[in-house]
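Contents: one structure, followed by commentary.
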Amino acid sequence: METNFIDYVKIVCRSGKGGRGSAHMHRAKYVPMGGPDGGDGGRGGHVYLRGNRNYWTLLHLRYERHVFASHGGNGGKSRSHGADGEDRYIDVPCGTVVYDAMTGRYICDVTTDGQLVLLLQGGRGGLGNWNFRTSTNQAPRYAQPGEPMREQTIILELKMLADVGLVGFPNAGKSTLVNAISSAHPKIAGYPFTTLEPSVGVVQYRDNRSFVIADIPGIIEGASEGRGLGLRFLRHIERNALLLFMVPADTDNILHEYEVLLNELEQYNPDLAKKQRMLAVTKADLIDDELQQLLSAELPSDVPVVFISSVTNYHLTELKDMLWQQLEAIPDLHHEAIASAAHRDKDFDFLQSELAAEGQDDVIEILDDDAIEDVDDDIEILDEMEDV
């Protein structure tokens with residue numbers, strides 16, 4: 001069954017062409033030398049991105065692959081100004097990052113509700129011959145063409161805005177933890193890859209304080225190379241200030257699993273290794289206190305560690321305390337580094353495999369009949385200007 005959670009879309013955007021100026025000469029009874037009165041052309045429509053908190057997915061853009069602004073109107077006689085083209089607004093959920101689909105270059109980021117970003121500027125309208133009259137050239141018979149339209153194929157990626165991101169292998173208890181400490185209720189089952197799409201929960205803390213926790217599908221070894229579901233959803237933890245690694249207590253080698261998970265993140269984005277990290281050993285209800293002490297000696301010493309059980313609520317309060325303390329200790333400068341991790345350009349080779357994995361590897365090139373006529377008009381006007 002196809003999910004409604006769409007976090008990756010490729011669309012074609014095109015701004016409007018500027019209208020051409022008029023080279024009209026005034027003609028009226030009893031006015032033998034009326035002179036130039038050609039008006040200016042209108043500007044082409046702009047293409048904007050607009051943050052909208054009412055959207056939580058890019059599903060509404062999946063079936064609108066082309067966003068075209070209208071062209072500016074041509075100038076007319078009696079110094080009539082052409083109509084400006086209608087602007088187009090692309091509403092996106094907060095947390096959307098935009099890339100150039102041809103080069104993978106980072107373009108912009110939309111993070112707040114109502115934020116406006118000018119994606120493509122419409123072409124300026126051409127000046128009419130009224131603007132070119134001088135004392136020595138009182139009857140110019142030429143005008144400017146409008147500036148051409150701008151077209152670009154872009155990739156929209158939704159990267160969740162959350163404070164804490166959960167990282168773990170399938171069936172590590174991530175969804176169970178989210179269900180236990182937040183108001184979110186992701187699907188929970190006893191088989192791997194139960195979680196097929198990211199989920200976000202708000203964790204209520206003391207004194208009416210709260211923080212946001214994000215769960216992504218389980219990562220497997222080789223996820224950074226496209227195995228499993230990890231490659232598709234790793235982008236959602238690029239914004240997180242703190243990463244909570246989760247490894248079950250009944251794992252043969254907890255330290256090894258932690259190192260494998262960390263290596264996959266580094267392979268996907270080296271900046272992820274610079275984030276604050278914690279390790280939660282889940283399913284602690286399956287072991288006794290003596291075994292817990294033995295396992296503690298084998299755990300990594302460079303990150304805070306806590307044993308928890310989401311089923312019995314064992315040490316969940318301690319976990320929330322540690323998460324809050326870690327979040328509060330993160331300096332403001334580190335938040336800028338978090339933003340830069342989500343803003344890096346895409347590697348071109350990686351971009352091609354990513355488009356193929358998303359089933360959007362087709363290159364869209366659109367040139368309709370109106371656009372062809374506009375190009376012909378521009379060529380004709382330029383030829384007239386050269387003759388003058």
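Basis for what follows: all heavy atoms, side chains included, without hydrogens, waters or symmetry-related copies. Not measured: the values here are computed from a predicted model.
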Residues 307-316 vs salt bridge (charged side-chain N to carboxylate O under 4.0 Å, His left out), sequence neighbours excluded, gives none
Pairs involving residues 66-84, ordered by first then second residue, that meet salt bridge (charged side-chain N to carboxylate O under 4.0 Å, His left out) (sequence neighbours left out): none
Only distances under 3.5 Å count here; give the side-chain donor-acceptor pairs of residues 32-40 to other protein atoms, sequence neighbours excluded, each with its distance to 0.1 Å.
{"residue": "D37", "atom": "OD1", "partner": "H24", "partner atom": "ND1", "Å": "2.7"}
{"residue": "D37", "atom": "OD2", "partner": "S78", "partner atom": "N", "Å": "2.9"}
{"residue": "D40", "atom": "OD1", "partner": "G128", "partner atom": "N", "Å": "2.8"}
{"residue": "D40", "atom": "OD1", "partner": "N131", "partner atom": "ND2", "Å": "2.7"}

Quick one: closest heavy-atom pair of S309 and D285, and the distance? OG-OD1, 3.0 Å
Applied to residues 242-262, the salt bridge (charged side-chain N to carboxylate O under 4.0 Å, His left out) test, sequence neighbours excluded, yields none
Results of ring pair (Phe, Tyr, Trp, His ring centres under 6.0 Å) for W130 - residues two or more places apart only: none
Would you mind listing the cluster partners of L116? Hydrophobic ones only (ILVMFWY), side-chain contacts under 4.5 Å, chaining allowed. Y48, Y89, L118
Audit row: D100, Y106, side-chain hydrogen bond (donor to acceptor under 3.5 Å, both in side chains) steps and yes/no: CA-CA 7 Å; D100 189 312; Y106 164 79; over 6 Å; no
For R105, give me all partners under side-chain hydrogen bond (donor to acceptor under 3.5 Å, both in side chains), at least two apart in sequence or on another chain. none
Which residue pairs satisfy the salt bridge (charged side-chain N to carboxylate O under 4.0 Å, His left out) criterion with at least one member in residues 293-319, sequence neighbours excluded? R277-D302
With sequence neighbours excluded, tell me which residues meet side-chain hydrogen bond (donor to acceptor under 3.5 Å, both in side chains) with R88. E64
With sequence neighbours left out, write down each residue that passes side-chain hydrogen bond (donor to acceptor under 3.5 Å, both in side chains) with R53, or none if nothing qualifies. none
Running the 4.5 Å side-chain criterion over Ile, Leu, Val, Met, Phe, Trp and Tyr, what cluster does Y55 land in, apart from itself? none
Pairing residues for Q121 by the side-chain hydrogen bond (donor to acceptor under 3.5 Å, both in side chains) criterion, not counting sequence neighbours: none
